[in-house]
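Input: a single structure, listed below in structure tokens.
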Amino acid sequence: MNAEIEDVATLHNSQGIQYFSKPGSIVRKIWGKADTVLFIFAGASAEFALNKAVDWLYYTGRLPADPLGRLFSTVEYASRIVFSEQDKAFKAIDQIVGIHQAVETSRGAQIPDWAYRDVLFMLIDYSIRAFELLERKLTSNEKEEIFDTFYKMGSRMVISGLPKNYIEWTEMRRAHLQDNLSNSRFTQDLYKQYRKHLGFVRYQLLKQVQVLIAPPSVRKLLNLNRTPWLKPIISLYKLCRLIKLDWLIKEAILPTAYKPQIRRLDVSQA
């Protein structure tokens, strides 16, 4: 795939504009709905807390001070890249690289390549898991398309050791989940911050979404093996979406401070 990356990257609409992801693609359908992106966020918030490289996020102090804002910024960046013209998407990716390099310079050490791969793998995995939970099962070709999109992002970031296709990714993902996660003091502190910033009710909702969407190894490390009482509510929510009443539920449960950011995640051109 490395030899073909420029061909894969050149995606055109009817007017000849090159986009990072093809208009009408499954990636845009996934990242064009705020509720699906929020489920991606919920899964990532669980795995971020367990990642053995989470100390890098604590180094700047931004993550414990505003864990929701820090994680929202990650998914917002990904969403912006997915829907951007290719040149703008590449500039956004280069900005991310520059931010990370500045942190490395400040700390006098390098973020390990496997930590970069972990974040990329989370975006792939939770994109699939969130869509399948809220919508339908994805086809093999659709999963490959999701992989290709984020592979392009990783290639632009010059992340080493990336898998070449979706099948290879599944094997590497399994190994990463086994080798790169642990329940540390950072994990415990981050969950305390989640509860502090969300409040008790929203915090319980977050954990319930994590029960439904996180891989078994993540749930086990976080002691999330509980009865998923949210599952029947998800079915009700799907019905509300069909009759255009899902906004009532969103308004009731979403943190007020982040509602503008969340609304921006709803992209009509998905």
Side-chain angles (χ1 to χ4, degrees), residues 37-75 78 100 103-104 107 109-130 132-133 150 154 159 161 163 169-231 234 253 255 258:
V37 177
L38 285 172
F39 272 63
I40 295 170
F41 160 82
S45 67
E47 202 165 320
F48 259 114
L50 292 169
N51 196 282
K52 290 180 180 179
V54 74
D55 61 296
W56 277 94
L57 298 176
Y58 267 75
Y59 173 73
T60 62
R62 291 177 60 195
L63 182 65
D66 184 16
L68 302 181
R70 179 64 179 80
L71 289 166
F72 268 130
S73 68
T74 299
V75 295
H100 289 155
V103 173
E104 289 175 329
R107 192 172 182 179
Q110 284 193 317
I111 300 170
D113 283 337
W114 58 261
Y116 284 113
R117 289 195 297 270
D118 276 350
V119 175
L120 200 69
F121 288 6
M122 277 188 263
L123 293 174
I124 296 169
D125 197 4
Y126 292 114
S127 291
I128 293 169
R129 289 173 180 273
E132 291 195 331
L133 180 63
F150 289 104
I159 299 174
W169 170 81
T170 59
E171 295 300 319
M172 288 188 68
R173 172 66 170 159
R174 192 175 298 117
H176 274 231
L177 286 169
Q178 179 178 330
D179 299 337
N180 299 344
L181 304 181
S182 68
N183 193 318
S184 67
R185 64 183 179 87
F186 294 113
T187 309
Q188 302 301 317
D189 182 70
L190 197 49
Y191 266 80
K192 287 179 182 177
Q193 298 303 323
Y194 290 162
R195 178 166 180 169
K196 174 183 175 182
H197 286 80
L198 282 171
F200 177 77
V201 174
R202 293 188 181 110
Y203 175 69
Q204 296 304 320
L205 282 171
L206 172 70
K207 292 202 297 182
Q208 274 294 302
V209 173
Q210 291 172 348
V211 168
L212 292 174
I213 201 170
S217 56
V218 172
R219 297 199 307 268
K220 184 177 180 181
L221 284 169
L222 290 170
N223 297 314
L224 290 175
N225 296 312
R226 301 174 183 173
T227 304
W229 53 259
L230 190 62
K231 198 166 187 177
I234 295 295
I253 66 173
Y258 297 99

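Note that the structure is a prediction, hence the values are computed from the model and not measured.
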Interatomic distance, [X] atom [atom1] to [Y] atom [atom2] [nearest 0.5 angstrom]:
X: S217; Y: E47; atom1: OG; atom2: CD; answer: 7.5 Å
X: F150; Y: L123; atom1: CZ; atom2: CG; answer: 5.0 Å
X: L212; Y: F39; atom1: CG; atom2: CZ; answer: 7.0 Å
X: H176; Y: F121; atom1: NE2; atom2: CZ; answer: 4.5 Å
X: W114; Y: I159; atom1: CH2; atom2: CD1; answer: 13.0 Å

Check your understanding: Looking at residues at least two apart in the chain, or sitting in another chain, which of them share a side chain to side chain contact (heavy atoms under 4.5 Å, CB included) with R195?
Key ->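 R195 satisfies side chain to side chain contact (heavy atoms under 4.5 Å, CB included) with F200, Y203 once adjacent residues are dropped.
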
Point to revise | Derivation of the side-chain contact (heavy atoms from CB on, under 4.5 Å) call for R174 and Q178 | key: CA-CA 6 Å; R174 192 175 298 117; Q178 179 178 330; 5.7 Å; no

For the backbone of [Y] and the side chain of [X], can you confirm whether one donor and one acceptor N or O come within less than 3.5 Å of each other?
X: S182; Y: K52; result: no
X: N51; Y: L181; result: no
X: E104; Y: I111; result: yes
X: R219; Y: L224; result: no

Side chains of [X] and [Y] in contact at under 4.5 Å (non-hydrogen atoms):
X: R129; Y: P215; answer: yes
X: M172; Y: L177; answer: no
X: T187; Y: V54; answer: no
X: F186; Y: L50; answer: no
X: N183; Y: Q188; answer: yes

**Study point:** Name of the residue among K207, R202, Q208 meeting side chain to side chain contact (heavy atoms under 4.5 Å, CB included) with Q204
**Key:**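 Exactly one pass, corresponding to K207.
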
Practice item. Give a yes or no on whether a salt bridge exists between D189 and K196, defined as a side-chain N under 4.0 angstrom from a carboxylate O. Key: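 Looking at K196 together with D189, the answer is no, because their closest N to O distance does not fall below 4.0 Å.
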
Exercise for review: Kindly indicate, with the supporting measurements, whether the criterion salt bridge (Lys or Arg N to Asp or Glu O under 4.0 Å) is fulfilled by D55 and R107.
Suggested key: CA-CA 11 Å; D55 61 296; R107 192 172 182 179; 2.9 Å; yes

Exercise for review: Output every pair passing salt bridge (Lys or Arg N to Asp or Glu O under 4.0 Å) with a member in residues 113-122, not counting sequence neighbours, ordered by first then second residue.
Suggested key: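 Of all non-adjacent pairs touching residues 113-122, none passes salt bridge (Lys or Arg N to Asp or Glu O under 4.0 Å).
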
Quick check: closest heavy atoms across [X] and [Y], and the distance to 0.1 Å?
X: L120; Y: G154; answer: CD2-CA, 3.7 Å
X: G43; Y: I213; answer: CA-CG2, 3.9 Å
X: A49; Y: Y194; answer: CB-OH, 4.4 Å

Review point. In chain order, what residues pass the ring-ring contact (aromatic ring centres under 6.0 Å, His included) check against Y126, with sequence neighbours excluded?
Key: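 By the ring-ring contact (aromatic ring centres under 6.0 Å, His included) rule, Y126 matches no residue at all.
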
Exercise for review: State, without any angle test, whether S45 and Q210 hold a side-chain donor-acceptor pair at a distance under 3.5 Å.
Suggested key: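 On atom types as modelled, these side chains qualify, holding a pair under 3.5 Å.
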
